[in-house]
Every structure is written in structure tokens, then in C-alpha cells.
Amino acid sequence: IFSFNLLLSTVSRIKRYKDVILMYNKMVYCNLLSDLCTLNILLNCFCNLKRVDLGFSALTLMLKRGYVPDVVTFTSLIKGCFVAGRIDEAIGLFKKAINTGCKLNARTWATLIDGLCGSGSYLVALALHKEMRKRNDVFDVGFKPNIICYSRIIDGLCKEGLVQKAKKLCLEMKSNGISPDVVVYTSLIEGLCYVGKWDEAKGVFIGMIDQGIHPDVITFTVLINDRCKKGKTDEAKGFIDLMVRMGEIPNSVTCNTLLEGFCLEGRIEDARKFFDSMEDNGYDRDVISYSVLMKGYCKHGMMDDVIELFEEMVSKEYKPD
RNA sequence: GCUAAAUUAAGGAUGA
């Protein structure tokens, strides 16, 4: 059976889930007795085929055969529930796993956070996180969120405008010995910008540099985006200069953001100047660069320029989207 | 001891 499991897992890993099921059926036909591992592979295939219902059937079979579902079983089923949009059931399974004494690992937790954040249930994720922390203080249930898990929740909270909660979670993370990285800092900066706390955002930016965390192109783009949306495009331009001095090269997203800023301020000439300078500086352009500038021209009724720009875009083999 | 939850995994930015 080990050999068969190895075969099935290999086929499963290359995503040929249906073939796994066919092979499994042949095994049954040949009276080969499967074990828990085989059933886990099978169950996972059902879940990945968006058939959690069949996944649960596999679970039933497992129980009927006297096997005790393990971490792998639960993790697969949780993922399957999310794939099928059955969020409440995913949470229910997670709790059931803990209550039945099944020791969950970092991966199970990551799967749950991934599913919750992926469906926008950030507050649910936070509540579960808190609950798990409490539980783990009483009895070790294997709850050890890594920086990715923290980061997803922190970012989600920031996007909901709940920076205070995000900051608190970040402090908790630190107290657990995990230092915030560039992604976490960037999320917090974006969250602060989102609620209009620019000074505090700038403070975090300076703070991260003090901590030796180098802001990257995304960090700068977040700052630039905020300044642009607040009508402070010159200040935004200043950040482009700063990032270059700090060794970060603006990418197309960074440039598009500033381009949009100029357009929003009605400074179409400056937008064009910057657009041209992008080429000179070797900064990347993409379809969005053209779209943004064309939108600017449209708003000013400069239709000839729009057409000219569009033709230039097509001639440079940028595909209109 | 070998096989299972894609650990070559999973988190942050721009226009429409």
C-alpha cells in the first residue's frame, strides 16, 4: 500500500486529481486495502476539485473503517470548505479539530487565515486569533502563527480602516519575538494613510528605517499614492527622488501613481513631461501608463492627443486591455 | 523507518 500511496501522491501533486480518483477506484476493484494516508490523498483530491461534499464522504468512509482523522484530514477539509465558499463550516471544522484533541500545526492555521482573509473576513480572523492565543496559554494546542499569518490579518485590518487594531496586533507579534518586516510596515503605513493619519504614517516610515528595515518600491508607492490622492503631487515627486537616492528604482506602478496624481491635479503638461521622462530614465511603462495619460487628455477634451497616444501605444506593442 | 495537506507554498502598491 505504501507504493500505491506514493504513486497516488505523485499523481495528486501534478494536479491530476481525477486520475487519482480513477486509480483509487481501480485499487478498490482489485481489493487492495487502503489506509488513512490513501484516504487523505483521496479526500484532498475531492476538495481540490471543489467537491467538499465528496470530501466529507471520504471522511465518513474513514470513520467507518475505524480511522481517526488527523491534521492532514482536517487541513484538507478546511481548505475544501473555503474553496466551496463554506466559511462557517471551515471554522467549525477547525474548532472541532481542536476539541477532539487533534494537534494542529502552523500550516493548518495558515490555511484558515488564508481562507478567512481571502474572503474578506478579517475581523473573524482576528477574533479567532485572539481566541487561539487564550486557548494556547491554557494548553498548548500548537498555535504558532508566523509572520505571514500576522501580516495577512494586519493588512486586512488596515484595509478596513482598523489601524488601531492592526497596530495592537503588530505589538503582540513583536512580543512573540517576530519583528515586523517591510511588508508589515508597508501595510501599516497604508492603513494610516487610509484613515488620513499622514504624520503618523511618515513616523512609521522613519521608524522602519531606524529599525534597519529598508523601504522597498512598494513602500514608496504607497506613500506616493497617498500624496497624489491628497492633491500633493509635488510632495509625491519628492518621494520618487528620495527613493532613487535610497537605491530603489521606481517601477511602472510607482510611475503610474504619480502620473495619475498629476492628472488629478489637472497638471496635464507635467503628466506628459513625467511620462516622457520615464522613457529617458529607463523606467518601465505599461498599458496603465497609457490609460492614465489618455484619461487625463480625455478630461481636458484633448482628443487628438488621445488618439495619437493610443496609436503610439499600439505601435509599441502594448496591448490595449 | 517509507507515503498524505502543491514548503519551488502563503502576506503589501497604480488606471478602467
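Just so you know, these numbers come straight off a predicted model, no measurement behind them. So that the names make sense, note that chain A is the first sequence line, chain B the second, and so on, each numbered from 1.
Relative to the side chain of A:D70, the nucleotides B:G11, B:A4, B:A5 differ in distance, and B:A4 lies closest. The side chain of A:D216 lies closest to B:G12, out of B:A13, B:A5, B:G12. For A:V182, the listed nucleotide lying nearest its side chain is B:G12; candidates were B:G1, B:G12, B:G15. Checking B:A5, B:A4, B:G12 against the side-chain heavy atoms of A:T75 singles out B:A5 as nearest. Looking at the side chain of A:V253, the nearest of the listed nucleotides B:U3, B:A13, B:G15 is B:A13. Of the candidates B:U3, B:A10, B:U14, the closest approach to any side-chain atom of A:N146 belongs to B:A10. Residue A:F2 has its side chain nearest to B:G1 when only B:G1, B:A4, B:G12 are considered. Among the nucleotides B:U3, B:G15, B:A13, the one closest to the side chain of A:K159 is B:A13. With B:A13, B:A5, B:G15 as the candidates, the nucleotide lying closest to the side chain of A:E190 is B:A13.
One interatomic measurement links the two molecules: CG of A:L223 to P of B:U14, which rounds to 13 Å at whole-angstrom precision. A:I41 has its CD1 atom 7 Å from the P atom of B:A5, to the nearest Å. A:M62 places its CE atom 10 Å from the C1' atom of B:A4, with the value rounded to the nearest Å. One atom, CZ of A:F220, and another, P of B:U14, lie 17 Å apart when rounded to the nearest Å. In this entry the distance linking CG of A:L8 with C1' of B:A4 reads 10 Å, nearest Å. Atom CG of A:L112 is separated from atom P of B:A9 by 22 Å (rounded to the nearest Å). In this structure, CZ of A:R227 is placed 16 Å from P of B:U14, rounded to the nearest angstrom. One interatomic measurement links the two molecules: CG of A:N256 to P of B:A16, which rounds to 12 Å at whole-angstrom precision.
Nucleic acid contact for A:S151: base, since at least one base atom lies under 4.0 Å from a heavy atom of the residue. Here A:T219 lies in heavy-atom contact (under 4.0 Å) with a base. Counting any heavy atom pair closer than 4.0 Å across all strands shown, A:I288 reaches a base atom. Here A:L6 lies in heavy-atom contact (under 4.0 Å) with sugar-phosphate atoms only.
At a cut-off of 3.5 angstrom, the base of B:G15 holds at least one donor-acceptor pair with the side chain of A:S291. Residue A:N40 places a side-chain atom within donor-acceptor reach of the base of B:A4, judged by atom type and a 3.5 Å distance cut-off alone. The base of B:A13 is paired with the side chain of A:N251 by a donor and an acceptor separated by under 3.5 Å. Under 3.5 Å, the side chain of A:D321 and the base of B:G15 form at least one donor-acceptor pair of N or O atoms. Side-chain to base pairing of A:S187 with B:G11: no donor and acceptor N or O lie closer than 3.5 Å to each other. Taking 3.5 Å as the limit, the base of B:A5 and the side chain of A:N105 contain a donor-acceptor pair of atoms between them.
Note on ring orientation: taking the six-membered ring where Trp is involved, the planes of A:H129 and A:F143 are perpendicular (angle over 60°, cut-offs 30° and 60°). Taking the six-membered ring where the residue is Trp, A:W109 and A:F94 present tilted rings, their angle falling between 30° and 60°. The aromatic rings of A:F274 and A:F262 lie tilted to each other, with the angle between the two planes from 30° to 60°. Below 30°, between 30° and 60°, or above 60°: for A:Y290 and A:Y318 the angle between ring planes is between 30° and 60°, a tilted geometry.
Taking 4.0 angstrom as the limit, A:R13 places a side-chain polar atom (N or O) nearer than this to OP1 or OP2 of B:A4.
For the residue pair A:K229 and A:N225, a side-chain donor N or O sits within less than 3.5 Å of a side-chain acceptor on the partner. A donor-acceptor contact under 3.5 angstrom links the side chains of A:D216 and A:T219, judged on distance only.
Taking atom P in both B:A4 and B:U8, the straight-line distance is 12 Å, to the nearest Å. Between B:A5 and B:A10, the distance separating the two C1' atoms is 14 Å to the nearest Å.
Clustering ILVMFWY residues whenever any of their side-chain heavy atoms sit less than 4.5 angstrom apart, transitively, puts A:L22 in a cluster other than the one holding A:L6.
Each of A:I14 and A:T38 lies near RNA chain B, and the nucleotide nearest A:T38 is the one positioned closer to the 5' end.
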